[in-house]
Amino acid sequence: MSDSTHYQIVIVGGGTAGMTVAAQLRELENPPDVAIIEPSDTHYYQPIWTLVGAGVFDREISERPMAEFIPEGATWIQEAAVTFQPDDNTVVTDEDTTVSYDYLVVAPGLQLDWEALPGLAEAIDDPDSGVVSNYSYEYCEDTWEEMQALQPGDRALFTQPSTPIKCGGAPQKIMYLTADHLQERGILDDVSVEFYTPGTVIFGVEEFARTLRKVVDRYGIDVNLYSELTEVRPDRNEAVIQATGGDGAPGEQVVSYDMMHVTPPQSAPDVIKESPLSNEEGWVDVHKHTLQHTTYDNVFSLGDACSTPNAKTGAAVRKQAPTLVHNMMQHMRTGTIAEPKEYHGYASCPLVTGYGKLVMAEFDYDNEPDPSFPFDTTQERYSMYALKAYGLPQMYWHGMLRGRA
Ligand code: FAD
């Protein structure tokens with residue numbers, strides 16, 4: 001069926017970013033008319049998947065019906081955007097609906113590229129392969145199964161890709177939880193816990209990296225920098241690791257595993273890469289302080305899909321959303337952004353370092369700490385763990401998605 005509809009503001013994507021912006025727009029004194037293009041029935045709070053993978057919660061805790069969060073007065077178009085035509089101010093959906101707009105907010109998140117590495121898609125789909133990942137609702141509970149199955153003499157690998165990823169700390173959070181779990185069972189010394197990352201340091205902000213190095217030492221984790229997973233051979237339980245630089249590292253090594261937690265390569269959604277909105281790397285090309293598109297003045301973007309060089313997190317979205325709403329509404333009123341609100345790259349990565357332990361890393365575009373708390377957050381704390389496990393989910397469902405936080 002073909003249809004044509006016009007809205008003042010069209011939001012593509014009803015995830016963390018799209019829903020937060022929709023809620024804030026509808027909270028305004030004279031709310032604009034808003035449509036949200038979002039195909040999914042379900043909204044996910046992804047940060048909790050780390051603790052689902054560690055057996056703390058069931059995965060159902062992360063999901064709520066999408067319908068609960070469509071703000072009153074907003075229109076939900078339950079279809080997927082497939083073509084962006086910014087010269088005509090239109091988006092076409094998979095149902096062939098043409099939606100036109102005065103302003104467009106692009107927030108479809110990023111895509112997980114399971115197919116990018118030979119053997120990975122096959123391995124992750126096989127529940128007996130030992131290959132797991134907290135990066136999707138579908139697989140995150142398998143991590144806990146594999147953690148419990150580890151035995152003395154086993155090798156547990158944790159990998160991080162060279163692409164940008166959401167929540168840069170997530171590949172190591174689950175590793176620390178696994179090590180803590182093994183310690184609790186009294187077998188940590190008998191299981192080899194190994195981290196493979198193309199990164200040149202364990203974490204980009206030195207104040208937090210210092211603490212993480214102590215955590216790594218405490219658990220006896222073998223950290224391999226300049227090392228990237230390039231192939232999985234599930235039939236032989238082997239991972240192919242490629243050296244990406246550093247001193248004297250071998251070009252390629254084959255490492256066997258009993259459990260391997262993979263963070264898959266990630267990129268902008270194909271529909272964005274193929275659109276006139278993308279930059280050379282495929283992300284929606286926006287000014288990093290105002291979130292306005294670099295070519296199309298009536299297009300804005302935030303969240304994982306946009307080009308801003310911050311750590312891709314829900315916490316970043318919390319600071320981006322009011323910036324975007326302020327700037328877009330000013331442009332709508334005056335035709336320019338003479339007095340912009342600016343986003344300076346704030347992101348937060350709650351680095352879980354064990355059951356009941358967390359380092360709350362908050363930082364900006366310059367990798368400078370940007371703390372929200374009046375105490376030393378570079379230390380592991382139970383209070384920050386409790387915030388992640390119990391406080392932030394409540395703040396998300398009842399504050400952020402309601403336009404109140
Ligand atoms: P998403 O929330 O992923 O939403 C994208 C939405 O767009 C989805 O609803 C999707 O259905 C929709 N969509 C996709 N394609 C289309 C299309 N073509 N048309 C219309 N709609 C479309 N963040 C933190 O702040 N702290 C953490 O501790 C943390 N930990 C994490 C741990 C894990 C394991 C993971 C996976 C993520 C974590 N994050 C964390 C990151 C956080 O979840 C994301 O950064 C955040 O969800 C990004 O919001 P978004 O709206 O850009 O994308």
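In each ligand, atom 1 is the first atom listed, and ligand 1 is the first ligand listed.
If you check which protein heavy atom lies closest to atom 51 (O) of ligand 1, you get A17 N, 2.8 Å. Closest to atom 33 (C) of ligand 1 among all protein heavy atoms lies Q46 O, 3.8 Å. Protein heavy atom closest to atom 17 (C) of ligand 1, with residue, atom name and distance, is A81 N, 3.7 Å. Atom 52 (O) of ligand 1 has as its closest protein heavy atom D304 N, 2.9 Å. Scanning the protein for heavy atoms near atom 13 (N) of ligand 1, the closest one is P108 O, 3.9 Å. The protein atom (non-hydrogen) at minimum distance from atom 53 (O) of ligand 1 is G109 CA, 3.4 Å. Protein heavy atom closest to atom 26 (N) of ligand 1, with residue, atom name and distance, is P350 CD, 3.7 Å. Atom 27 (C) of ligand 1 has P47 CB, 3.6 Å as its closest protein atom, hydrogens excluded (heavy atom only).
Residue-to-ligand polar distances keep V317 apart from ligand 1: every N/O pair is separated by 3.5 Å or more. For a threshold of 3.5 Å applied to N or O pairs, the pair formed by N134 and ligand 1 contains no separation below that value. In terms of polar-atom proximity, E79 is not counted as a contact of ligand 1, lacking any N or O under 3.5 Å from an N or O of the ligand. At least one N or O atom of T16 sits closer than 3.5 Å to an N or O atom of ligand 1. Checked against a 3.5 angstrom limit, the closest N/O atoms of G18 and ligand 1 fall outside it. Taking only nitrogen or oxygen atoms, main chain and side chain alike, W49 does not reach within less than 3.5 Å of ligand 1. Remark: ligand 1 and E38 share an N or O pair separated by less than 3.5 Å (distance only, no angle test).
Here is the list of ligand 1 atoms found below 4.0 Å of a heavy atom in Y135: 36 (C). Taking a cut-off of under 4.0 Å to the non-hydrogen atoms of V12, the atoms of ligand 1 that pass are 19 (N), 20 (C). Those atoms of ligand 1 that come under 4.0 Å of a heavy atom in P39, given as number and element, are 20 (C), 21 (N), 22 (C). Those atoms of ligand 1 that come under 4.0 Å of a heavy atom in G303, given as number and element, are 52 (O). Close contacts of ligand 1 with K312, meaning ligand atoms under 4.0 Å from a residue heavy atom, involve 45 (O). Close contacts of ligand 1 with A80, meaning ligand atoms under 4.0 Å from a residue heavy atom, involve 19 (N).
Under the 3.5 Å distance criterion, with hydrogens and angles disregarded, no donor-acceptor pair is assigned to the side chains of H293 and N298. Looking at E362 and T377, their side chains never bring a donor and an acceptor atom within 3.5 Å of each other.
Ring planes of W49 and Y137: tilted class, angle from 30 to 60°. Using bins of under 30°, 30° to 60° and over 60° for the plane-to-plane angle, the ring pair Y45/Y396 lands in the tilted bin. Ring-plane geometry between Y219 and Y176 is classed as parallel, the angle between the planes falling under 30 degrees on a 0 to 90 degree scale with a further cut at 60.
The closest non-hydrogen atom to atom 31 (C) of ligand 1, taken over C167, A170, A321, G13, comes from C167. Proximity annotation for atom 24 (C) of ligand 1: of S136, A305, G314, G314 comes nearest, heavy atoms only. The residue from Q111, K173, M360 that puts a heavy atom closest to atom 28 (O) of ligand 1 is K173.
We find that D217 and K214 are not joined by a salt bridge, their nearest charged nitrogen and carboxylate oxygen being 4.0 Å or further apart. In summary, K357 and E380 do not engage in a salt bridge, as defined by a charged side-chain N under 4.0 Å from a carboxylate O.
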Q | Derivation of the side chain to side chain contact (heavy atoms under 4.5 Å, CB included) call for D258 and R155 | A | CA-CA 5 Å; D258 297 282; R155 282 178 95 166; 4.0 Å; yes
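Residues I221 and F158 have side chains not in contact (no heavy-atom distance under 4.5 Å, counting atoms from C-beta outward). Counting heavy atoms from C-beta outward, R233 and V254 have side chains that approach closer than 4.5 Å.
Applying the ring-ring contact (aromatic ring centres under 6.0 Å, His included) test to pairs two or more places apart or on separate chains, none has a residue in residues 263-284. Among pairs with a residue in residues 104-135, those fulfilling ring-ring contact (aromatic ring centres under 6.0 Å, His included) read W114-Y139, at least two apart in sequence or across chains.
To the nearest 0.5 Å, atom CD1 of residue I272 and atom OG of residue S307 are 11.5 Å apart. Distance check, rounded to the nearest 0.5 Å: CG of D235 to OG of S129 gives 11.0 Å.
Under 4.0 angstrom from ligand 1, the non-hydrogen atoms of A107 all belong to its backbone. Of the heavy atoms in K388, only side-chain atoms (C-beta onward) come closer than 4.0 Å to ligand 1.
You'll find the ring centres of Y355 and Y385 outside the 6.0 Å limit.
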